[in-house]
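Please read the structure below before turning to the comments.
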Amino acid sequence: MARKAAGRPPKETLSLWTREQARLKACVVDRDTEAWQGDPAFSGLQRVGGVDVSFVKGDSVSACASLVVLSYPELKVVYEESRMVSLTAPYVSGFLAFREVPFLADAVRRLQAKEPGLMPQVILVDGNGVLHHRGFGVACHLGVLTGLPCIGVAKKLLHVDGLENNALHKEKIQLLQAGGDSFPLTGSSGTVLGMALRSHDRSTKPLYISVGHKMGLETAVRLTHRCCRFRIPEPVRQVGGHGVWQGGRAPLLPTIFPS
DNA sequence: GCGACAG
DNA sequence: ATCTTGTCGC
């Protein structure tokens, strides 16, 4: 039975959330903190995590919160967990974390309890880090709550601080020739909020990478590129596959299937 | 007033 | 996020 999402929260809630973001933002570390991050080949990096919340068709409350851990550099799944959850907060641009992060942090806690040796050394998060209205997107939020290095990986440019997917931006995208090419996303304030990254040779549409926690931007971009077999980095792509299929059913087998 | 706006 | 058909390319 599909339930309706709550409407836009009252302004009191949004101001509470805004204050919480400001409080936690003070804990963000936006530079490399781990030895492997400075290594050209990331030697010492063995586990990369991915998290995602996927949805049930026609239901804005029921969702599937998933966490995967992949080996590095092989990018093979070594841990996976999915759990059906009931979302309480609605989606509001700029406050995505209040909808998704509690369930993602829970998944990390369960991993810590069950298989602490498989704890990822970094998590790729579907969404932004400091590329955010108040410099504290979902990747920062999860990073601060878990203490783990996190990277924000967004598929669309969040319009913030003057950043816009306009003609000039599209021109810059055209100049990205090969996988790994990138350009800085500089806001009107002069701050570099993130990088647009061509994630592999045959992908036109860039990813928008920003610092989440305990990692510098250049390292975040370099690692994201190393995790891309296709446009979407493997940790995020794999975790999506563990979510709910369209309508909550497995895909139909082909009509003609040689069995 | 209306659309835009990470997921 | 999800709703959807065709279409192009490997």
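A, B, ... follow the sequence lines: proteins, then strands. Residue 1 opens every chain.
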What string of B, S and - do you get for nucleotides 1-7 of chain B, 5' to 3', when a contact is any protein heavy atom under 4.0 Å?
----SBB
Can you list the stems that DNA chain B is part of, where a stem is at least 3 pairs in a row, each Watson-Crick or G-U, with both distances below 3.5 Å?
none
Using a 3.5 Å cut-off on both pairing distances, which stems of three or more Watson-Crick or G-U pairs include DNA chain C?
none
Is there a donor-acceptor pair closer than 3.5 Å between any side-chain N or O of Q121(A) and the backbone N or O of G44(A)?
yes
Main-chain N/O of S82(A) paired to S66(A) side chain as donor or acceptor, under 3.5 Å:
no
A side-chain contact here means heavy atoms from C-beta on lying under 4.5 Å apart; do Y79(A) and K114(A) qualify?
yes
Among residues at least two apart in sequence or on other chains, which ones pass side-chain hydrogen bond (donor to acceptor under 3.5 Å, both in side chains) with E20(A)?
R23(A)
For [X], check side chain to side chain contact (heavy atoms under 4.5 Å, CB included) against everything at least two apart and list the hits.
X	value
E34(A)	W36(A), Q37(A), P149(A), K214(A)
L175(A)	none
P206(A)	I173(A), L176(A), A196(A), Y208(A)
V211(A)	D30(A), V130(A), L217(A)

Contact list for residues 172-198 of chain A, test ring-ring contact (aromatic ring centres under 6.0 Å, His included), sequence neighbours left out
H169(A)-F183(A)
Which residue pairs satisfy the ring-ring contact (aromatic ring centres under 6.0 Å, His included) criterion with at least one member in residues 11-31 of chain A, sequence neighbours excluded?
W17(A)-F95(A), W17(A)-F98(A)
For residues 186-197 of chain A, pull every pair meeting side-chain hydrogen bond (donor to acceptor under 3.5 Å, both in side chains), keeping only residues two or more places apart or in separate chains.
D161(A)-S189(A), S189(A)-T191(A)
NZ/NE/NH1/NH2 to OD/OE distance under 4.0 Å, D126(A) and K155(A):
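Counted as a salt bridge, because a side-chain N and a carboxylate O are separated by less than 4.0 Å.
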Using nucleotides 8-10 of chain C, report all nitrogen or oxygen pairs with the protein that are shorter than 3.5 Å.
none

